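Encoded as structure tokens, the structure appears first; notes follow it.
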Amino acid sequence: MEGDALEADDARSGDPQLPAPAPAGWSHRHLLDLDVLTWPDIELVMSTAEEMRDVLDRPIPKVPALRGMSATILFYEASTRTRVSFEVAAKNLSADVVNVAASTSSVSKGESLVDTVRTIDALGADILVIRHPTSGAPYLAAEVFGGHVINGGDGWHAHPTQALLDLFTMRQRLRGGSVAGRKVVILGDVLHSRVARSNIWSLTAAGADLWLCGPSTLLTGFEAWAASGGPAGRRFHVTSSIDDALRDADVVMALRLQRERMASGLLPSLREYAARFGLTAARLAAAAPDVLVMHPGPMNEGVEIAPEVAAGPHSVIADQVTNGVAIRMALLYLLAGGRGAAAPAP
Amino acid sequence: MEGDALEADDARSGDPQLPAPAPAGWSHRHLLDLDVLTWPDIELVMSTAEEMRDVLDRPIPKVPALRGMSATILFYEASTRTRVSFEVAAKNLSADVVNVAASTSSVSKGESLVDTVRTIDALGADILVIRHPTSGAPYLAAEVFGGHVINGGDGWHAHPTQALLDLFTMRQRLRGGSVAGRKVVILGDVLHSRVARSNIWSLTAAGADLWLCGPSTLLTGFEAWAASGGPAGRRFHVTSSIDDALRDADVVMALRLQRERMASGLLPSLREYAARFGLTAARLAAAAPDVLVMHPGPMNEGVEIAPEVAAGPHSVIADQVTNGVAIRMALLYLLAGGRGAAAPAP
Amino acid sequence: MEGDALEADDARSGDPQLPAPAPAGWSHRHLLDLDVLTWPDIELVMSTAEEMRDVLDRPIPKVPALRGMSATILFYEASTRTRVSFEVAAKNLSADVVNVAASTSSVSKGESLVDTVRTIDALGADILVIRHPTSGAPYLAAEVFGGHVINGGDGWHAHPTQALLDLFTMRQRLRGGSVAGRKVVILGDVLHSRVARSNIWSLTAAGADLWLCGPSTLLTGFEAWAASGGPAGRRFHVTSSIDDALRDADVVMALRLQRERMASGLLPSLREYAARFGLTAARLAAAAPDVLVMHPGPMNEGVEIAPEVAAGPHSVIADQVTNGVAIRMALLYLLAGGRGAAAPAP
């Protein structure tokens, strides 16, 4: 072949800046769930995300840390927020991004997911972000993928990056910068929520006084879990009394109520749900004066949260979204930043 | 964090080339409709688009003007042409582009659009291009978005970038470089056309002798508007006589006839419409010898326009598409080019 | 316009590295089918793909060969594998990529495809990769597109990049590096397979001892073609005896069985098909000891191929995927690499 058109792209070669190896102390190849992270791991994610927030505040919020790496975002469920958040995070780190929107209709067996993941691996992806309606699917992906797998939400099981961005947002916005001993309420459809499950893990680990609140039909099993000790013996509260839950609360996180829950007979009507468990300004008055209002989005305004609360002075919902980019940049950097032969010579 | 992987991406820092501030005289943050543009504004768009056409003629049609900026293209209606045109325009200016294709089925209330736009803002987008089936939706988006909003078409209301590229194409291809006093015909389904509405504004402002022509059922309300003085008192003609309209016309712009108009009883049949209002070579013979044939696309060839006219010597339809990229580059540059702290130090 | 924001992007200008002109000897503007390639053309694709494999093995698998060029990937059929393969290949060569997923529902006439392709041309695309359910559609596209067209699969007609990556994989993995005289079996639904048709052309040209095997209802017409001499008088075998086909085979390529074949009455049941023609470990034992197992994907594991064979020691299915990126990089480079004014001055 003539010429030098196939010479190495030298924008990174010989540049001592990039990519730096990941910080010492990070030992995880994948992020599938929070339950394998130690507390120092979580602190490392938080401090790395703080650096990423600084990057986001620059005029050009881009760093070359993952230049030349390729991330594939494979989503088997519709998503704007989380999909775009990962895409922006990867591009901010200068990775190439490929989007694959898969319909579950074409996936009738577990083997097909494995086949798809093997293909993405062979196509050269270094990082796979996967969202799947089946709990555990990211574990299956991690078994066959040669690079790094990040769970972008699997069934009712886990949504670890959401819980990390929630924790980051609370620490950033709570006085004192810690959730230890603070009363945090997760309100609504806990039963079907991977966001709730992941937050139970991280918030009890962080020492929060955690309360789950909702109709009893949407808390099935959680009371027994709480009674038997909670995750790793860390306790939390379960109640259907929204008054008990909100009283002096430091943080209230409303969960999305999916309308299909009505069809399954778990709830009588949206109207009744909103009347009994909707987060209104009147109810919020019982919480601490500087309570934080959170929501993982997308919101059903007027159902689980009143519009004036969502847009009110206590709301940190937009911070959650921005912090989501920072958290995902931090995780991508920790997982993949030190990988590959492009690390600088010692 | 070790190393310098998070140092500023220096491909732009210290480079005096980029981005230059937007030209003096441009004062608009958004482009939602043409009615707020002054004539000098429109001239500035035209002259900037001419520079962008020069960029497009280069071997590498890219400039770094928006490097480090992020544009999100949020389309609630299917579109290839306009969506890709904005994507190419933004990439030619070195912006990062995120595509979000939203189905209206997930948007049952105005609040949901607001929630989506707030999220895109919090995800770090600097520019939002929105297409929505509801007239006025871009105004709602602009109320909550922190950056720049461009209307990519809203309901029947407006399609300002289309009208600007149409005007640019006419000036480029008409002898004398001006539409003032030239007979311009918009032919077809004027009633449902945001393209027509935006062109009425810009073409009357430019002093064209504007004629709207179509079946009376597809002109409802326009005759009254014309009789009452037209936009800002600028007059235009309305007729159902295609002979009157085409006689000595300098420009004929055929509009797409949407097949669902038949179902609503506004037209008897496609065949009859094509027979009475289709732009054929025979009819075009009545126009000026160097008449320009335009169409915003996509075309129903054989319905509103005959294939041999669409591909014939008078057609400037391909120019419209290429000029669309130049116009959108110009608007992106004018709206966002001078923004941010990356402007060169004085 | 003030400043220099519209100066040429100088990352490539003045750089003698890129893009080099395409190698001497390549004279094709498009790749629509294999039947116009000479054997030296194919050898040139193979040797170029070897260089691309070397690029893929680098820490940063990117070269600037097509920097500033724009590739549009227009797929009228669902595809993950081939679409992403082209996207990764083009990005590895530093081209910009635009994805357009078209539904055939919006394409009721050939004119619409032409209109779409003309639009993509006018939007500035240099390269068009098209997949379409209608055989011959890429030829129609090539008639109106100003740049380079690559057939990404058209109806039952051809899938030339797949056949080239299959040939490359065989030469890479067969002892001796040649398919000449080696027994190659294509197994399954030959009738509906563009992969089979393209492979018949290239494998007979390469001198393979080619066998097509499947139920007689899925071989209709191929026996007559074989009897009448095969492509360009090059012979191949057709049989419904899987024992005859697999005996001492050097390569077995199983084809995807599309489930809708059952509905059309061509097959009694998936179960019976799997029992009679599924590629199992027991059957594979009759092949040569170092037989290669191939599949174009996506697989119906348990139907045309047993999971343990797909993932077994003879499988080179993952190599096919990776080689697909290298082959597509080679073709993009050969077709477009020397084009444009950016070639270095002599």
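Residue numbers begin at 1 in each chain, while the letters A, B, ... track the order of the sequences. Source: prediction; values computed, not measured. Every heavy atom of this structure was used, including side-chain atoms; hydrogens, water molecules and symmetry mates were not.
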Is there a side-chain contact (heavy atoms from CB on, under 4.5 Å) between A:Lys62 and B:Asp96? Walk through the geometry before answering. CA-CA 11 Å; A:Lys62 269 182 121 77; B:Asp96 282 330; 2.5 Å; yes
Interface check, chain A: of B:Val98, B:Asn99, B:Val100, B:Ile120, most non-hydrogen pairs under 4.5 Å belong to B:Val98
Between A:Lys91 (side chain) and B:Val97 (backbone), is there a donor-acceptor pair under 3.5 Å? yes
More than 12 heavy atoms of other groups within 6.0 Å of A:Arg271 CZ
no
If one checks every heavy atom of B:Asp121 against chain A at 4.5 Å, the contacting part turns out to be neither
*Check: A:Thr322 side chain, B:Leu123 main-chain N or O, donor-acceptor pair, under 3.5 Å*: no
Taken to the nearest 0.5 Å, the spacing of B:Leu74 CG from A:Thr80 OG1 works out to 8.0 Å
dist A:Arg81:CZ -> B:Asp115:CG (nearest 0.5 Å) comes out at 5.0 Å
Looking only at heavy atoms, the pair that brings B:Ala122 and A:Ala318 closest together is CB-O, 3.5 Å
